[in-house]
Amino acid sequence: MGRGDYFGGSTIIGPRSGWFSGVGRASPKTVPSKSGTTSNLGAEHRLHYLHAVIQAELTGKTPPAIPKKAKANLQALVDAKGGSLAWARSQAEYHQFRDKKLRKQKNKTATSKEAVGKAIPSVSQSPHLRNLDHEIADQLKVIGAAMAQISSLIRQITDRQARIEELLSNKRHDGVD
């Protein structure tokens with residue numbers, strides 16, 4: 001190739017390329033919209049919010065605010081039911097979605113317990129180790145009882161300190177030094 005013979009990358013400009021007219025073939029990568037219409041979009045927002053409320057309920061968190069895009073459709077419905085959680089429980093899909101999320105959580109917990117069990121061999125197989133477990137449990141009970149006594153003594157000391165400070169304060173106010 002001589003100098004000046006290279007015109008650039010791999011863009012193909014031709015009569016049907018749409019380069020100049022703005023009209024051309026659709027890209028094979030173009031994916032049609034899942035929702036298609038705005039009515040489906042409202043249903044998608046409703047289901048998305050329902051999932052979020054159920055997840056918040058299962059994790060013990062406060063339900064999320066209604067998304068801005070769905071607020072126009074959902075706010076009146078949620079308010080009419082008395083709140084996000086009551087609204088979610090009144091939905092037909094609520095029990096199905098909640099059960100599915102509970103199953104997933106249960107499976108995750110079981111899987112993680114199995115992984116830990118495989119990674120850390122069980123120590124309670126031999127009788128000697130079982131006796132150690134019982135002894136450790138007994139020692140932990142003794143320590144717990146001692147900690148309770150210590151807490152009681154600390155409370156008594158704190159009460160006595162407060163009483164001393166009260167007496168000193170009264171003594172200063174009475175003018176007796």
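Since the structure is predicted, the reported quantities are computational estimates derived from the model, not experimental observations.
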I'd like a table of donor-acceptor pairs (distance under 3.5 Å, sequence neighbours excluded) in which one partner is a side-chain atom from residues 75-85, with atom names and distances.
residue, atom, partner, partner atom, Å
Q75, NE2, D79, OD1, 3.0
Q75, NE2, D79, OD2, 3.2
S84, OG, Y49, OH, 2.7

Measure the NZ-CD distance between K101 and Q105 for me, rounded to the nearest 0.5 Å.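 Rounded to the nearest 0.5 Å, the NZ-CD separation comes to 8.5 Å.
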Apply side chain to side chain contact (heavy atoms under 4.5 Å, CB included) to the pair R46 and L74, showing each step before the final yes or no. CA-CA 7 Å; R46 183 185 68 82; L74 289 178; 4.0 Å; yes
Just distance, no hydrogens or angles: give the donor-acceptor pairs under 3.5 Å from side chains in residues 138-159, sequence neighbours left out.
residue, atom, partner, partner atom, Å
S151, OG, M147, O, 3.1
T158, OG1, I154, O, 2.8

Would you compute the distance between atom CG of L132 and atom NE2 of H134 and round it to the nearest 0.5 angstrom?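 That separation rounds to 10.5 Å.
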Can you tell me how far apart CG (L102) and NE2 (H95) are? Round to the nearest 0.5 Å.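 NE2 of H95 is found 11.5 Å from CG of L102.
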Between the side chains of K100 and E93, is the shortest nitrogen-to-carboxylate-oxygen separation below 4.0 Å, so that they form an ion pair?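 Judged by the 4.0 Å cut-off on N to carboxylate O distance, E93 and K100 do not form a salt bridge.
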Given H45, H48, E44, the one that forms side-chain contact (heavy atoms from CB on, under 4.5 Å) with K69: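 With K69 as partner, side-chain contact (heavy atoms from CB on, under 4.5 Å) holds for just one option, H45.
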Would you compute the distance between atom CG of L50 and atom CZ of R98 and round it to the nearest 0.5 angstrom?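 The CZ atom of R98 is 12.0 Å from CG of L50, to the nearest 0.5 Å.
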Would you be so kind as to tabulate the donor-acceptor pairs closer than 3.5 Å made by side chains of residues 54-64, with sequence neighbours excluded?
residue, atom, partner, partner atom, Å
E57, OE1, Y94, OH, 2.7
E57, OE2, R89, NH2, 2.8
E57, OE2, Y94, OH, 3.1
T59, OG1, Q55, O, 2.9
T59, OG1, A56, O, 3.3

